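I have placed the structure first, in the form of structure tokens, so that the comments after it can refer back to it.
Given the structure is predicted, the values throughout are model-derived calculations rather than measurements. Throughout, protein chains are lettered first and strands after them, A, B, ... in sequence-line order, and every chain is numbered starting at 1.
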Amino acid sequence: MYRELQSQLVQHVRAFLQKQYQVELKNIPVEQPPSVELGEYALTFCFELAKKLRKAPRKIAEEIVANIGPIPGIERLEVAGGGYINARVDRAQLAKKIVSGSTESAPTGEKILVEHTSINPNKAAHIGHLRNAILGDTFVRLLRADGRHVDVQNYIDNTGVQVADVVVGLMYLEKKSKGEIERLITDPAPRGNQPIDYYCWDLYAKVSGWYELSPENKQTRLKMLHEIEAGNNEAAEIADILSTAILRRHLETMQRLGIYYDFLPRESEILSLHFWDLAFAQLKEKGVLYLEMEGKNKGCWVMKRAGTKAADSEAAEQSGPDEDAKIIVRSNGTVTYVGKDIAYHLWKFGLLGRDFGYRRFFHYAPNPDYPKGHEVWISAKSGEADHPHFGGVSAIYNVIDARQADPQNNVIEALRLLGYAEQAAHYTHLSYEMVALTPRCAAELGYDLLEEDKARAFIEVSGRKGFGVKADDLLDALIASAKREVDLRRTEIADEERHTIAQHVAIGALRYFMLKFTKNSVIAFDFKEALSFEGETGPYCQYSVVRAGNIFRKAGADPDAILRENIDLENIVTGSENDDIWSLWLTAAKLGLIIDQSIATSEPAYLAKYAFQLAQGFNNFYHRHHILTEADESRKKALLATAAIARRELIRALGVMGITAPSVM
RNA sequence: GGGCGCGUAGCUCAACCGGAUAGAGCAUCGGAUUUCUAAUCCGACGGUUGCAGGUUCGAUUCCUGCCGCGCUCACCA
């Protein structure tokens, strides 16, 4: 609506500039004037044109406004300031289009792969993982709202050092047999009735300390890692049952937040199906890797790093070994993490020539996102005969924190050097900054802080040290806090229903909190802020939806039905006395544009800010115009339509963020 | 040392590809017909956008140099 009209306007202006002045502008930026009093769109290109045409910007603006002629949907153009052109739309006409609300973009058919969460399956999920999963899930929802076909993957590193650490803990510190470990997973009693991921959280921290005690202890870790990677032994079996149990816990935690997956590829299958061998052959054949013959990397297969001197200067190549090169295969013949990741990404783009086996792993009961329920598939060496196909996509988004930019860039560079420029260009590392704790928060949690840490703005969480806030704990705290608020406000309804409301509010608060910060801002986590339900929060937005709903409930009207009636929009959106109401309509009309921008910049925070703005606009309207006591029936109906539009678009915006509003709060 | 990112109100953060008076929330203070439920609304207070230059009609935004902070760069994953 707003988006469509905007592109029409740009097209028209572009054609006119070409015809009248023979100029072709690459970009015709469109902004919104500071206030609707000045119009709906602002054009700034006259300033740029001033140089080319050797005329004052205002003069050009005046000429254009005088000569451009009528533009569909635009009432008139006006010159403002030193050379802005402001466009005023035909409000009644646009409002009518907003009411009809049918502008879904056509599906493109191509498949997009979004990978997120990817928590090492050796401990409970913490707030850092929540940011990843919420960011990723919201991005998936954005793409789907835009009509794209998306597969959601959660990569499981079930054979890595982190899993090995916990297995070491069970076998060497706790001295448990395989049978005891199996019982530990099926029976909560031996682990003090805490969930298995919680139990391992503490154990993991303990093992890290144990390694520091002696070099022999540290050796155990390496030995364990190799056994697990090799497979077909007791340690590998223990690692498998343990990591699988913890993985289930992670899926349950994320399910609480409305986060679902389609496929869980595991490192164990990347190893057992020998993905690396195929990738290695390609990398050697195309000369991406070379065997280093001298220097500190002697005997390793290495790859030049992107952007280094060695990569673009031939002179450097002759002056000895490139010691800065990235090692892909160690001198002992084992492959590094980046190597495996290259193979995995060749698979993602369908360039490897081999596929995973697939079997069913987890079933989601019917829910608002999947009314018929949903199946999660997991990789397997030999899977079920009937399975959906994953991988072979045209674009990928990896939601991974900023600390892993370097390995990500290595993988992209490898694809590029292999000649897959197209794929490399559609490989997006959706990078975001970490969630850390404020010193105050750390103190509240009972951690002893070093003096130097107390002075910091934030302290990095560390699973290895057991330092952090567990995802389920935070969600529980939010639900409890929301429940107290609901108990105070809604004494007339049943406790069970109050609990459901509290869950909605808690999820809204948490998801919004994780989305309101732009990606490259470090979140310094603090309970006080995260538990807030006022101001710029999810519950604020949810409350606006509830309020709008209340109006219709009291009026005995259905918001969708109102919009199908014959409404006199002219009298409510036109004229400067109605600027505040019109401005709410206009904000509501922008959701499509905001979704586009959020995708283009891979920045879900835009959407969060927008939802808040829309909620704020509605609350303002709510106070200024008392709908149910409006005497003029025609105006009352138009006000109801206004509330219906704001409500509809706000519900839609929140839905893309995975937030739903309860019917009462 | 190289790479990436950050520095904006007391605090936490915004600012669309460079655009009109740099905006929100929190905190503080003052107010809102006991109403479509106040998880709300209105107002006040609060800024040399780290510093110094440059480009531009116009710079929080782009360029250069400093200062400060975070992350990262292993034959760990």
Considering every strand shown, what is the Watson-Crick or G-U wobble mate of C26(B) when both distances are under 3.5 Å?
G10(B)

Which whole number of Å gives the distance between the P atom of A39(B) and that of G58(B)?
50 Å

Mind checking if Phe533(A) touches a base, just sugar-phosphate, or nothing, with heavy atoms under 4.0 Å?
base

Base C75(B) to side chain Thr336(A), donor-acceptor N/O within 3.5 Å cut-off:
no

What is the base-pairing partner of U61(B), counting Watson-Crick and G-U wobble geometry with both distances under 3.5 Å?
none

Between Glu603(A) and Gly299(A), the residue closer to the 5' end of RNA chain B by nearest nucleotide is Glu603(A)

How are the rings of Phe513(A) and Phe517(A) set to each other: parallel, tilted or perpendicular (split at 30° and 60°)?
perpendicular

Taking any heavy-atom pair under 4.0 Å as a contact, classify His429(A): base, sugar-phosphate, or nothing.
nothing

So which one's nearest nucleotide on RNA chain B is more toward 5', Val335(A) or Phe45(A)?
Phe45(A)

Does any nucleotide pair with C69(B) by Watson-Crick or G-U wobble geometry, both distances under 3.5 Å, and what is it?
G5(B)

Say we look at G50(B) and U60(B): how far apart would their P atoms be, to the nearest angstrom?
10 Å

Is Pro33(A) touching bases, backbone alone, or none of the nucleic acid, heavy atoms closer than 4.0 Å?
base

Need one value for Pro29(A): base, sugar-phosphate or nothing, where a base atom within 4.0 Å counts as base even if backbone is also close, heavy atoms only.
nothing

Presence of donor-acceptor pair under 3.5 Å, side chain of Asn86(A) and base of A20(B):
yes

base_contact_polar (C41(B) base, Asn620(A) side chain, donor-acceptor, <3.5 Å)
no

Considering every strand and a 4.0 Å limit on heavy-atom distances, what is the contact class for Ser331(A): base, sugar-phosphate, or nothing?
base

If you measure from the P atom in C29(B) to the same atom in C36(B), how many Å do you get, rounded?
31 Å

Assigned partner base of U49(B), Watson-Crick or wobble definition, under 3.5 Å
none

Identify whether any heavy atom of Asp157(A) sits under 4.0 Å from a base atom; if not, whether one sits that close to sugar-phosphate; answer base, sugar-phosphate or nothing.
sugar-phosphate

With rounding to the closest Å, how many angstrom separate the C1' atoms on G47(B) and G7(B)?
15 Å

Base, sugar-phosphate, or nothing for Tyr84(A), non-hydrogen atoms under 4.0 angstrom?
base

Using the P atom as the point on both nucleotides, what is the distance between A15(B) and G23(B), in whole Å?
14 Å

Applying a 4.0 Å non-hydrogen cut-off, can you work out what Val338(A) is touching in the nucleic acid: base, sugar-phosphate, or nothing?
nothing

Answer yes if the ring centres of Tyr344(A) and Tyr155(A) are under 6.0 angstrom apart, and no otherwise.
yes

Just checking, is any N or O donor in the side chain of Glu31(A) or Tyr84(A) under 3.5 Å from an acceptor N or O on the other one?
no

When both distances are under 3.5 Å in a Watson-Crick or G-U wobble arrangement, the nucleotide paired with U21(B) is none

Can you check the distance between U12(B) and A74(B), where both ends of the measurement are the C1' atom (answer in whole Å)?
36 Å

Separation of the P atoms in G70(B) and C75(B), to the nearest angstrom
25 Å

Once you apply the 3.5 Å cut-off to both distances, tell me the Watson-Crick or G-U wobble partner of A38(B), or none.
none

CD1 (Ile523(A)) and CG (Leu437(A)) are apart, to the nearest 0.5 Å, by 11.5 Å

Arg403(A) CZ to C4(B) P: how many Å, rounded?
19 Å

A38(B) phosphate, OP1 or OP2, under 4.0 Å from Tyr622(A) side-chain N/O
yes

Hey, does Ala42(A) reach any base, or is it just sugar-phosphate, or nothing, if we go heavy atoms under 4.0 Å?
base

For a quick test of reading the model: is some side-chain N or O of Tyr540(A) closer than 4.0 Å to OP1 or OP2 of C41(B)?
yes

Is the shortest side-chain heavy-atom distance between Phe618(A) and Arg547(A) below 4.5 Å?
yes

Within less than 4.0 Å of OP1 or OP2 of A39(B), is there a side-chain N or O belonging to Tyr543(A)?
yes

Taking only the C1' atom of each, what is the distance from C11(B) to G46(B) in whole angstrom?
12 Å

Please state whether the rings of Phe280(A) and Trp276(A) are parallel, tilted or perpendicular, taking 30° and 60° as the class boundaries.
parallel

Just wondering, do Lys519(A) and Leu430(A) contact through their side chains at under 4.5 Å, heavy atoms?
yes

